[in-house]
Amino acid sequence: MKNVKIVKIVIVTMLVCLAIQILEVKAMMIFNSTGIEKITSESLKVTESGTYYIWLWGRGGTSVTIKIDEAELKNKNFGSGNIFSWGKVGQLELSAEKAYEFKMASTQKDDVAWFVLTSDENFNPQRIHELMSIYPERPSPLPDLRYREMRHTYSSFPFPEYDSLEDWKDRKNDIRRKILVSAGLWPMPEPCPLNVKVVETLDRDGYTVEKMYMETWPGYYFPCSLYRPKDKSGSLPGIINPHGHWAEGRMAEAVQKRCANFALQGYIALSYNMVGYIDNNQLDHRFRSDELYLWSVSVGGLQLWNSIRALDFITSLPEVDNSRIACTGCSGGGSQTFLVTAVDDRIKVTAPVCMVSSHFQGGCICENAPSLRLDTYNVEIAATAAPIPQILVGATGDWTDLTPEVEYPEVLSIYKMMGIGNKLTYYYQDAGHNYNQNSREAVYKWFGKWLLNENDESKFREVETPFETIETLRTFDKKHKRPDSAPDQNSLLKSITSHFKNTLDAIWPRGIESLKEYREIMLPALGDVLNVKVPDTVNAKLMPNRGSAHVKRENFMAARYILTRPGEKDQVPAIVYKPRSNSKTANLIVYPQGKAGLVDMNSGKPSVMVESLIEKGQTVVGIDTFLTGDHHSPLKDTVREKYCTYFSTFNVEDEALRIQDIVTAAIYLQGKYDSVNIIGLDEAGLWCFMARAFLDNIDNTVVDVMEFDTNAESAWVEKLNIPGILRVGGFDTAVACIVPDKIFIHNTGSGFDTERMIKLYGISGVDDKLNIRKIKVADSEILAILSE
């Protein structure tokens with residue numbers, strides 16, 4: 001920890017449970033274990049000359065000797081046992097002009113957690129500490145599993161239990177929306193004309209191959225191969241065929257053979273390349289940036305859109321029977337198969353190959369769009385195919401090795417719940433990762449049963465077909481150039497981002513009815529991006545200190561709690577200041593450094609704002625949101641290890657977890673008090689703003705928005721780097737969910753755009769409920785607002 005400056009100081013760090021707000025105090029310096037190591041290896045310097053009183057927070061029975069140059073001080077008593085307590089070691093005259101050699105010796109390394117130098121002889125750290133920490137007797141970090149457990153593509157995921165078919169149907173709808181939100185396709189963008197162009201047709205024995213392209217986004221030219229049977233007429237079934245991660249893309253032998261055989265069996269089959277493969281190279285396969293992710297622009301989202309547009313194309317063909325549409329692909333193509341099946345009802349039969357696994361979710365960026373698997377996984381996504389017929393193809397030599405024992409029975413449980421167990425089957429063989437002939441023939445037979453009404457499996461043996469070279473099948477080549485209007489990668493990605501903005505603008509509310517519709521569409525999407533879940537109830541565990549449940553002071557009592565949501569892994573430390581009189585109003589005050597911001601460091605009393613609210617007979621609550629305050633130990637920094645490659649695919653971002661904690665605390669208070677106010681200070685104002693969108697019946701909301709520039713993507717990356725947050729409307733959507741309730745927004749500066757917010761409150765006829773100030777208002781004005 002860096003030395004803390006004097007006089008007007010700010011000790012604001014998520015690593016320090018003794019963090020404080022800006023106050024006029026005497027000279028003081030606070031060091032945790034890391035700080036002690038630093039001054040030991042370097043030197044101790046004070047910023048003002050004078051008499052300093054030295055305090056330590058140490059373990060009972062510990063013997064500590066401190067040497068500052070030639071002066072030697074020893075602790076007298078820390079008590080006994082493993083309980084930590086404060087002890088005043090002594091005092092020294094120190095000069096700001098000098099660097100002092102510092103040494104500390106104790107019984108063992110972790111015996112001392114805090115070292116404090118103060119020029120205030122009346123300073124009492126015990127009175128302060130007991131109002132700041134739920135662990136005033138030990139230096140343990142909060143055992144919050146959210147930073148201890150990391151979900152990743154190699155995690156083993158259990159299949160959820162569903163009590164009823166209705167529960168499953170609700171969950172299926174949630175999963176569909178979550179996939180679309182992750183892909184940037186919620187609400188669904190307006191599709192542009194496909195402008196299909198066939199550049200050449202290859203004539204083969206029994207079928208033709210049309211080399212073609214379509215325009216899936218304006219200026220994005222998507223190359224494909226369309227296989228048609230020669231001797232079949234009438235209404236035919238259609239199949240889209242995404243491919244896996246082999247270098248040849250749609251030109252790979254396994255793709256060619258299955259598409260040619262599908263055509264010979266009487267299907268129209270479309271194969272298409274992944275982004276960045278062969279002639280689909282307007283974009284790199286691994287493009288990404290934090291700024292793009294804010295808008296849910298990702299390679300995974302674009303590939304899902306391409307699959308949806310492939311369905312648009314094949315279902316537009318007059319000879320295709322739209323009641324008989326299928327999809328199949330292997331590996332990464334298997335991922336595309338179950339994802340597009342989950343979101344598009346036009347698919348009537350599906351076959352994901354070598355990809356539906358409980359212990360591997362995909363290894364490529366195109367399979368791991370941000371937020372895609374925050375609370376789901378491939379097996380549950382595959383189950384959303386029900387009630388359509390589905391075959392799961394697995395093998396002993398890859399991550400589908402448990403298909404017969406795990407994945408198939410899990411998906412089957414959903415089919416059986418619907419009374420259609422016969423519509424799910426699996427094929428399993430002793431082989432490596434593949435879409436080999438055995439696998440293909442298993443799929444031919446299953447598709448033939450459901451799409452051709454043919455149960456004679458002998459008719460679905462694969463026949464030999466010509467193998468085309470990459471150059472033969474390539475759509476864009478020397479003869480056939482991509483249109484000159486095709487933009488480069490940067491221009492195309494900007495265009496897609498702009499398209500997403502326009503999609504959001506098109507549904508922006510312009511009246512009361514459209515406001516209701518907007519909320520119905522976008523509040524769930526905002527919840528998906530932030531992974532916020534509003535609990536029905538919140539549990540509160542009282543944390544006594546030395547046998548006492550409350551800290552008792554002259555005009556209030558304070559109690560320490562850990563708040564938890566039933567069935568969840570999070571823990572929210574809270575301190576509740578209760579006036580001596582009966583209180584019906586609670587104020588949730590959130591600081592970026594946690595509940596310690598409610599304490600006056602100089603006096604050991606609550607801050608002026610807290611004292612004033614207590615005097616008015618109101619309860620005040622402070623919390624440590626995720627990775628602040630008691631989430632850390634002074635002995636060791638708590639670090640959330642973000643070691644997995646696609647962290648944001650599987651794990652909720654820190655800021656979003658803080659928003660959840662605010663929602664959790666507010667729901668707890670609403671169960672105890674008649675009225676609840678929320679006050680977000682400094683950066684915590686941004687978190688409270690977002691949290692407020694999910695909460696009803698909040699009396700007053702006061703948020704500091706820190707002159708946040710809502711139109712600068714760099715500002716979002718710095719403060720609220722949450723994938724998808726701009727695609728779902730950011731603060732504008734939050735306000736759309738808050739109106740017509742009162743909200744006071746201050747410190748907007750010139751960057752925080754409030755134009756839409758003002759119009760929303762205007763069309764709702766409640767202009768007086770919205771108060772906006774460009775400047776940061778004083779605590780006295782916040783108190784006045786809470787007293788209205």
Side-chain angles (χ1 to χ4, degrees), residues 145-146 149 151 155-183 185-186 338-345 347-348 350 352 356-359 361 371-390 392 402-403 405-426 519-539 564-570 649-650 652 656 660 663-664 667 671 693-696 728 737:
L145 293 179
R146 292 177 297 178
E149 295 184 0
R151 288 164 50 97
S155 296
S156 292
F157 296 97
F159 195 77
E161 294 183 8
Y162 295 97
D163 295 331
S164 69
L165 184 56
E166 287 305 311
D167 287 344
W168 165 249
K169 288 180 179 178
D170 289 342
R171 177 59 174 163
K172 176 178 176 176
N173 289 334
D174 285 345
I175 292 171
R176 169 174 289 195
R177 185 191 64 247
K178 289 171 186 290
I179 294 170
L180 292 171
V181 168
S182 171
L185 304 179
W186 184 279
F338 60 66
L339 288 171
V340 71
T341 300
V343 302
D344 202 312
D345 290 333
I347 296 174
K348 305 304 180 184
T350 188
V356 178
S357 171
S358 60
H359 57 92
Q361 307 303 300
S371 80
L372 177 59
R373 300 185 188 84
L374 293 183
D375 65 352
T376 189
Y377 72 122
N378 289 358
V379 181
E380 192 181 27
I381 295 172
T384 64
I388 70 170
Q390 177 172 207
L392 305 176
L402 301 178
T403 296
E405 297 88 4
V406 178
E407 290 87 6
Y408 169 70
E410 289 172 342
V411 178
L412 183 62
S413 69
I414 299 301
Y415 277 78
K416 284 185 173 180
M417 187 185 293
M418 294 181 169
I420 52 170
N422 65 313
K423 288 190 176 181
L424 181 74
T425 191
Y426 73 92
R519 270 201 291 246
E520 290 175 358
I521 295 169
M522 298 309 298
L523 180 59
L526 183 63
D528 292 337
V529 163
L530 299 174
N531 202 44
V532 167
K533 297 178 175 65
V534 181
D536 294 326
T537 60
V538 175
N539 299 325
T564 58
R565 293 179 293 156
E568 300 294 339
K569 298 176 180 179
D570 46 352
T649 302
F650 299 91
V652 185
Q660 173 67 69
V663 171
T664 299
I667 293 296
F694 302 94
L695 298 165
D696 296 323
V728 297
C737 299

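Just so it is clear, the structure is predicted and the values come from calculations on it, not from any experiment. Numbering starts at 1 and runs along the sequence shown.
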If every non-hydrogen atom of K348 is compared with every non-hydrogen atom of P389, which pair is closest and at what distance?
O-CD, 3.2 Å
Can you list the residues that meet the salt bridge (Lys or Arg N to Asp or Glu O under 4.0 Å) rule with R176, with sequence neighbours excluded?
D345
For L523 and A693 the tightest heavy-atom approach is CD1-O, 3.7 Å
Inter-residue atom distance I175.CD1 - T384.OG1, 0.5 Å rounding:
6.0 Å
Quick check: closest heavy atoms across L530 and A656, and the distance to 0.1 Å?
O-CB, 3.5 Å
Nearest 0.5 Å, what's the CG-CG distance between D528 and L180?
10.0 Å
Would a 4.5 Å heavy-atom cut-off, applied to side chains only, mark T341 and I388 as touching?
yes
Euclidean distance, Q361 CD relative to N378 CG, rounded to 0.5 Å:
4.0 Å
When you measure from the side chain of T664 to the backbone of Q660, do you find a donor-acceptor pair of N or O atoms at a distance under 3.5 Å?
yes
So CG of L526 and CG of N531: to nearest 0.5 Å the spacing works out to 11.5 Å
About how many Å separate CG of L392 and CG of L412, when rounded to the nearest 0.5 Å?
9.5 Å
For D375, which of K569, R171, R151 qualifies under salt bridge (charged side-chain N to carboxylate O under 4.0 Å, His left out)?
R171
Holding to ring-ring contact (aromatic ring centres under 6.0 Å, His included), I want the full list of residues that pass it with Y426, two or more places apart in sequence or in another chain.
Y408
Interatomic distance, CD@Q390 vs CD1@I414, rounded to 0.5 Å, equals 11.5 Å
Is the closest side-chain heavy-atom distance between K423 and M418 below 4.5 Å?
no
Scanning both residues in full, the closest heavy-atom pair of E380 with P160 reads OE2-CG, 3.5 Å
When you measure from the side chain of K178 to the backbone of L374, do you find a donor-acceptor pair of N or O atoms at a distance under 3.5 Å?
no
So, for P566 and N539, which heavy atoms are closest and what is the spacing to 0.1 Å?
CG-ND2, 3.8 Å
Going by ring-ring contact (aromatic ring centres under 6.0 Å, His included), name the residues that satisfy it together with F159, two or more places apart in sequence or in a different chain.
none
CD (E161) with more than 12 external heavy atoms under 6.0 Å
no
Nearest heavy-atom neighbours spanning W186 and I521
NE1-O, 2.9 Å
Decide side chain to side chain contact (heavy atoms under 4.5 Å, CB included) for T403 and V356; before the verdict, give the C-alpha distance in whole Å, the side-chain angles of both, and the deciding distance to 0.1 Å.
CA-CA 8 Å; T403 296; V356 178; over 6 Å; no
Those residues that, when tested against D174, pass salt bridge (Lys or Arg N to Asp or Glu O under 4.0 Å) (two or more places apart)
R177
Does the side chain of T564 pick up a donor-acceptor pair with the side chain of E568 at under 3.5 Å?
no
Residue N422 excluded, over 12 heavy atoms near CG under 6.0 Å:
yes
Pairwise side-chain contact, L372 with L339, heavy-atom cut-off 4.5 Å (strictly under):
yes
Would you call V379 and V411 a side-chain contact if the rule is heavy atoms closer than 4.5 Å?
yes
E407 and S358: side chain donor to acceptor below 3.5 Å:
yes
Residue from T537, D536, V534 passing side-chain contact (heavy atoms from CB on, under 4.5 Å) with I667:
V534
Contacts of Y415 meeting ring-ring contact (aromatic ring centres under 6.0 Å, His included) (sequence neighbours excluded), chain-then-number -> none
Looking at residues at least two apart in the chain, or sitting in another chain, which of them share a salt bridge (Lys or Arg N to Asp or Glu O under 4.0 Å) with K416?
none
